[in-house]
Amino acid sequence: MHSTRWTIPVLVALPLVSLICGCSGRDQLSELDEARARIEPRVFDEGYYDDVYFQAFSGTHYAATSQDSIYAFSGATSLKVTVPPQNSALGAYAGGVLTSAGARDLADYNALTFYVRSSVNSTLNEAGFGNDNTGTSRYSAGRLNIPLTGDWQFVVIPIPSPSKLIAERGLFTFAEGWEAANPRGHEVWFDDIRFAALGNITDPRPFMPSGTKQYFIGSTVSLEGTRTTFDVDGADVVVGHMPGYFDYHSSDPAVAEVTGGGVRIVGEGEATLTATMGGVEVAGTLTLGGFVPPQIAAPVPAVPAGDVIALYSDVYQPVTVDSWNTHWTYSTTQDEIYAIGGDQTRMYTTLNFVGIQFATQTIDATDMTHLHLDVYAPVGTVFKVKLVAFNADNGYMIGQAELTFGAETTPAFVSGGWSSLEIPLADFPLPAPRDHLGQLVLSTTDAPLVLVDNIYLHR
């Protein structure tokens, strides 16, 4: 579903040590163990453990959890989760995190374990740990699609690299929605949620997808799809997790630099990225290409603001955009903001196609005559632009039209410089009136790295 390493301050102990020693304490301090966060395995055991509380995910049934005394695996209390029905005003699904008030050191454990049952045969969408619901987590991990029945079952989620979890607040994550067989919703119970040191977890097989990615100098490399397969009592268990569990190695630090668990492009050229996890080699390699960005930003638009409906530009006030990257199936595209001399542009990497969606508040382009985009690509010969129109109720698509641009088209797309695509709306064979435009789709066959700026309609 829906990560910065903490340090544990020890300065409060320094004056006390000095006073006891009657000296500077320098030699004695060097021999002290490094202070550790709280070492406690229990998360839910006869209720939330003493420092644990629940936070619901945004858009979920915020009151989905309760402590139940009817069903419990051991003791008298379990954690009950009420999954809302289809189209419920309570929320789209039940989900959230059990977090601790202070950081815990979980390096002594190799798994999260719990017991779980359901009121009906169902599939638990996700369960895991490492998400503290702040949006800054680096070590989120979990299992997907866990089959549930009316009987209690024991679930093990191995920790990919326990030494990373020295200051973690995200202790338990779950997400569960209604299912086609149970559109009226159902209940799920959890019990005895805790971390453990198990002897039956062996043979870690860490993996990251291989591929080639291109970035402009100064960009952070986007790493996704990382996972580790473990043997748990003779059966394979796959744990999907954030890339922070791996330690990365660059073949050329002058191109790709590994810093703080991440990877940043610092120079022009090519580097190979490999990784290890706890001394085990990670399957998969990435070839990273670094490109010099344009020296100047895109041309400053001169169209009067009263004649413009802007999606993205530093010059105009933009309308609401639902998503700059819909992450549709089979799309490999990643996105981030990239600044050129103070001008904010949108950078798309590993671009094959990307959906830009504004269907919540569609655009009435009846009085507009042109669509404008400024595009920069260091390499490539083909760039495609598609507009999608919806019906008056924004319920379904009524038409879409795509145009292809290259060196011989008007307007022209040419790599190595800014291409100002000033496209007449009349060139898009869309049904009239164009009063509910809701999507813009950008795609390419050979320009995987692009900057896009000044996206607007105008008359």
Side-chain angles (χ1 to χ4, degrees), residues 1-2 57-60 87 91-93 95 125-126 131 133-137 140 175 177 213 215 219-225 242 298 308-314 316-339 344-365 368 371-375 377 383-403 421 423 428 430 434-444 447-457:
M1 296 285 302
H2 322 324
F57 289 138
S58 176
T60 67
N87 300 322
Y93 65 101
N125 297 147
E126 179 181 357
N131 182 349
N133 208 28
T134 64
T136 61
S137 298
S140 179
K213 295 189 174 186
Y215 294 89
S219 303
T220 299
V221 175
S222 176
L223 301 165
E224 64 281 332
M242 296 183 75
V308 169
I309 300 175
L311 293 173
Y312 187 85
S313 176
D314 284 354
Y316 306 112
Q317 181 65 36
V319 298
T320 299
V321 174
D322 301 326
S323 175
W324 286 99
N325 187 350
T326 53
H327 294 283
W328 286 325
T329 303
Y330 306 119
S331 172
T332 59
T333 308
Q334 300 295 322
D335 67 295
E336 63 179 88
I337 298 296
Y338 190 92
Q344 302 292 308
T345 67
R346 301 209 71 91
M347 181 174 70
Y348 290 107
T349 60
T350 57
L351 174 66
N352 57 350
F353 62 91
V354 63
I356 300 169
Q357 184 152 301
F358 37 97
T360 299
Q361 297 183 35
T362 54
I363 291 177
D364 184 351
M368 301 293 109
L371 169 67
H372 181 95
L373 306 89
D374 289 310
V375 182
F383 191 78
K384 300 180 180 181
V385 179
K386 179 189 292 186
L387 274 177
V388 182
F390 290 82
N391 72 328
D393 296 325
N394 302 336
Y396 58 90
M397 180 185 70
I398 61 172
Q400 58 181 328
E402 183 175 70
L403 301 177
L421 303 182
I423 311 169
F428 291 98
L430 285 172
R434 301 185 184 95
D435 56 354
H436 286 83
L437 300 181
Q439 287 176 355
L440 176 67
V441 182
L442 309 179
S443 63
T444 183
L449 174 63
V450 300
L451 296 173
V452 185
D453 201 359
N454 301 319
I455 309 173
Y456 58 88
L457 297 139

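Source: prediction; values computed, not measured.
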**Q** How many angstroms lie between OG in S222 and NZ in K213, if you round to the nearest 0.5 Å?
**A** 4.5 Å
**Q** Can you tell me how far CG of D322 sits from CD of Q361, rounded to the nearest 0.5 angstrom?
**A** 7.5 Å
**Q** With sequence neighbours left out, what residues match R346 under salt bridge (Lys or Arg N to Asp or Glu O under 4.0 Å)?
**A** D335
**Q** List the atom of Y338, the atom of S219, and the distance in Å for their closest heavy-atom pair.
**A** CE1-OG, 3.5 Å
**Q** I need the D453 CG to D314 CG distance, nearest 0.5 Å.
**A** 6.5 Å
**Q** Tell me every residue that passes side chain to side chain contact (heavy atoms under 4.5 Å, CB included) with T60, counting only those two or more places apart in sequence or in another chain.
**A** A56, F57, Y93
**Q** How far apart are the closest heavy atoms of L421 and V385, and which atoms are they?
**A** CD1-CG2, 4.5 Å
**Q** S313 versus N454: any side-chain heavy-atom pair under 4.5 Å?
**A** yes
**Q** Is any side-chain heavy atom of Y348 closer than 4.5 Å to one of T444?
**A** no
**Q** Return the CG to CG distance between L430 and L437, rounded to the nearest 0.5 Å.
**A** 7.0 Å
**Q** What closest approach, in Å, do T220 and E336 show between heavy atoms, and which atom pair accounts for it?
**A** O-OE1, 3.3 Å
**Q** Check for a donor-acceptor pair, side chain of T333 on one end and backbone N or O of F353 on the other, with a separation under 3.5 Å.
**A** yes
**Q** Which distance, rounded to the nearest 0.5 Å, do you find between the CD1 of I356 and the CG of L373?
**A** 7.5 Å
**Q** Would you check if the distance from the ring center of H436 to the ring center of F390 is below 6.0 Å?
**A** no
**Q** Do L442 and V375 have side chains that approach each other closer than 4.5 Å (heavy atoms only, starting at C-beta)?
**A** no
**Q** If every non-hydrogen atom of T362 is compared with every non-hydrogen atom of G438, which pair is closest and at what distance?
**A** CG2-CA, 4.2 Å
**Q** Once salt bridge (Lys or Arg N to Asp or Glu O under 4.0 Å) is applied, do any residues pair with E402, and if so which ones, sequence neighbours excluded?
**A** none
**Q** Drop me the distance from R434's CZ to M368's CE, to the nearest 0.5 angstrom.
**A** 12.0 Å
**Q** Any side-chain heavy-atom pair from W328 and Q357 closer than 4.5 angstrom?
**A** yes
**Q** Hey, are the side chains of V319 and F358 touching, using non-hydrogen atoms and a 4.5 Å cut-off?
**A** no
**Q** Heavy-atom distance under 4.5 Å between the side chains of T349 and L449, does that happen here?
**A** yes
**Q** Can you find a heavy atom in the side chain of L457 that is under 4.5 Å from one in the side chain of I363?
**A** yes
**Q** Taking all heavy atoms of V354 and all of L351, pick out the closest pair and write down the distance.
**A** CG1-CD1, 3.8 Å
**Q** Taking all non-hydrogen atoms of both residues into account, name the closest pair between A310 and Y316 and its distance.
**A** CB-CB, 3.6 Å
